[in-house]
Number of protein chains: 2
Amino acid sequence: MDFVGTALADVTMPQISPLAGEPIDRADAERLAGVLKALADPARLRLLSLIQSAPEGEACVCDLTAPLGLSQPTVSHHLRILTEAGLLEREKRGVWAFYRIVPSAIGTIADLLTPPRKRATKKAPR
Amino acid sequence: MDFVGTALADVTMPQISPLAGEPIDRADAERLAGVLKALADPARLRLLSLIQSAPEGEACVCDLTAPLGLSQPTVSHHLRILTEAGLLEREKRGVWAFYRIVPSAIGTIADLLTPPRKRATKKAPR
DNA sequence: CTGCGATATGCAGGCGGGTCGATGCTGTTG
DNA sequence: CAACAGCATCGACCCGCCTGCATATCGCAG
């Protein structure tokens with residue numbers, strides 16, 4: 001799959017809003033599904049959570065293997081997927097590779113799922 | 001898997017917020033991942049979109065097979081997964097089975113993903 | 001009661017994905 | 001320079017999932 005990598009970007013640019021108004025086309029569906037696939041894994045959700053709650057909001061691989069209970073190659077694998085999905089950013093300092101959550105990434109996905117911003121389920125404050 | 005079926009319910013009750021504060025535990029991660037897995041498929045995203053944009057906000061299987069380009073059994077299969085995930089509700093009227101989106105389902109998931117956003121999410125009209 | 005249309009379920013094939021061990025690369029340390 | 005630590009990549013195994021075909025089930029019409 002190569003839609004991964006710029007997945008979030010491609011999905012973000014056009015405001016597709018899958019559950020919004022009109023049916024989404026195959027291409028948009030695949031792009032959004034690609035990003036959601038990156039999220040739809042226990043290990044990766046925990047990785048995001050761990051990184052997010054880390055001291056500086058960043059963590060290196062060696063700090064993540066133990067809490068997850070997975071091998072180092074596996075953790076690197078998951079971090080790679082999350083990074084290619086646009087959810088994480090990598091910064092190599094010395095021997096370590098620090099991962100950090102892309103600030104607006106998750107929020108963007110959440111927004112894509114909640115299109116009826118205005119006509120919300122039950123809020124007509126007036 | 002049996003976390004499916006009440007997946008969304010289990011995930012909704014406790015405000016887990018995967019990306020919120022502290023690391024989520026394995027159980028919550030698996031539950032949320034289960035719901036996200038249901039969403040992370042092009043066919044199912046399009047199904048949700050099609051149903052949502054249908055006349056009465058509901059559609060039967062026979063109306064969905066053609067637009068999706070998938071066989072009837074396959075469509076039923078996807079609808080089953082979405083229903084068990086708590087995203088769709090099924091109502092059988094006569095020979096047909098009408099599917100409808102559970103109103104707050106998607107919104108709930110979106111909220112679970114956007115906790116870091118100021119907790120202003122809950123408004124106390126006062 | 002019999003036949004037909006709409007769905008659901010069972011079964012099987014094929015592909016993608018998660019995991020680990022081994023290995024290669026790079027930068028640090030002695 | 002040599003030895004070592006942190007990560008990424010490779011190859012392989014195995015399980016789960018998407019899909020379609022065939023079949024069973026349910027409801028309605030004649």
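Side chains are part of it too, since the values below use all heavy atoms of this structure and drop only hydrogens, waters and symmetry mates. Order of the sequence lines fixes the chain letters, A, B, ..., with proteins taken first and strands second; residue numbering starts at 1 for each chain.
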What do the steps show when you test A:Glu84 against A:Arg80 for salt bridge (Lys or Arg N to Asp or Glu O under 4.0 Å), and what is the final call? CA-CA 6 Å; A:Glu84 288 180 337; A:Arg80 181 179 187 275; 3.1 Å; yes

Would you kindly give the [atom1]-to-[atom2] distance between [X] and [N], to the nearest whole Å?
| X | N | atom1 | atom2 | value |
| --- | --- | --- | --- | --- |
| B:Leu88 | C:dA8 | CG | C1' | 16 Å |
| A:Leu68 | C:dT19 | CG | C1' | 13 Å |
| A:Leu64 | D:dA8 | CG | C1' | 15 Å |
| B:Glu30 | C:dG18 | CD | P | 13 Å |
| B:Glu58 | C:dT7 | CD | P | 12 Å |
| B:Leu79 | D:dC17 | CG | P | 17 Å |
| A:Arg90 | C:dT26 | CZ | P | 12 Å |
| A:Tyr99 | D:dG6 | OH | P | 15 Å |

Which residue pairs satisfy the salt bridge (Lys or Arg N to Asp or Glu O under 4.0 Å) criterion with at least one member in residues 58-73 of chain B, sequence neighbours excluded?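 Qualifying pairs: B:Glu58-B:Arg93, B:Glu58-B:Arg100.
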
Which pairs with one or both residues in residues 43-53 of chain B pass salt bridge (Lys or Arg N to Asp or Glu O under 4.0 Å), sequence neighbours excluded?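 Checked against salt bridge (Lys or Arg N to Asp or Glu O under 4.0 Å) - neighbours excluded - no pair reaches residues 43-53 of chain B.
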
Is B:Arg80 close enough to C:dA8 that one of its side-chain N or O atoms is under 4.0 Å from OP1 or OP2 there?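 Looking at the OP1 and OP2 atoms of C:dA8, neither is under 4.0 Å from any side-chain N or O of B:Arg80.
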
Counting N and O atoms only, with roles assigned by atom type, does the side chain of [X] sit under 3.5 Å from a partner on the main chain of [Y], one being a donor and the other an acceptor?
| X | Y | result |
| --- | --- | --- |
| A:Lys92 | A:Ala97 | no |
| A:Ser49 | A:Leu45 | no |
| B:Arg26 | A:Pro42 | no |

Walk along nucleotides 18-30 of chain D from 5' to 3' and tag each nucleotide B, S or - by protein heavy-atom contact under 4.0 Å, base first, then sugar-phosphate. SBBBB----SS--

Taking side-chain contact (heavy atoms from CB on, under 4.5 Å) as the definition, give me every residue that meets it alongside A:Pro73, ordered by chain and number, with sequence neighbours left out.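 Listed in chain order: A:Ser71.
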
Taking side-chain contact (heavy atoms from CB on, under 4.5 Å) as the definition, give me every residue that meets it alongside B:Ala54, ordered by chain and number, with sequence neighbours left out.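 side-chain contact (heavy atoms from CB on, under 4.5 Å) check on B:Ala54 returns B:Ala59.
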
Looking for any heavy atom pair under 4.0 Å, which part of the strands does B:Phe98 touch: base, sugar-phosphate only, or nothing?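 No contact at all - B:Phe98 keeps every heavy atom at 4.0 Å or more from the nucleic acid.
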
Would a single hydrophobic cluster contain both A:Leu112 and B:Leu82, if residues Ile, Leu, Val, Met, Phe, Trp and Tyr are joined by side-chain heavy-atom contacts under 4.5 Å?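 Linked, B:Leu82 and A:Leu112 end up in one cluster.
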
Which angle, to the nearest 10 degrees, lies between the helix axes at the two ends of the helix from C:dC1-D:dG30 to C:dG30-D:dC1, each defined by five pairs?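 Answer for the end axes of this duplex: 10°.
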
5′-ward residue of the pair A:Trp96/B:Ser76 relative to DNA chain C: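 It is B:Ser76 whose nearest nucleotide is closer to the 5' end.
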
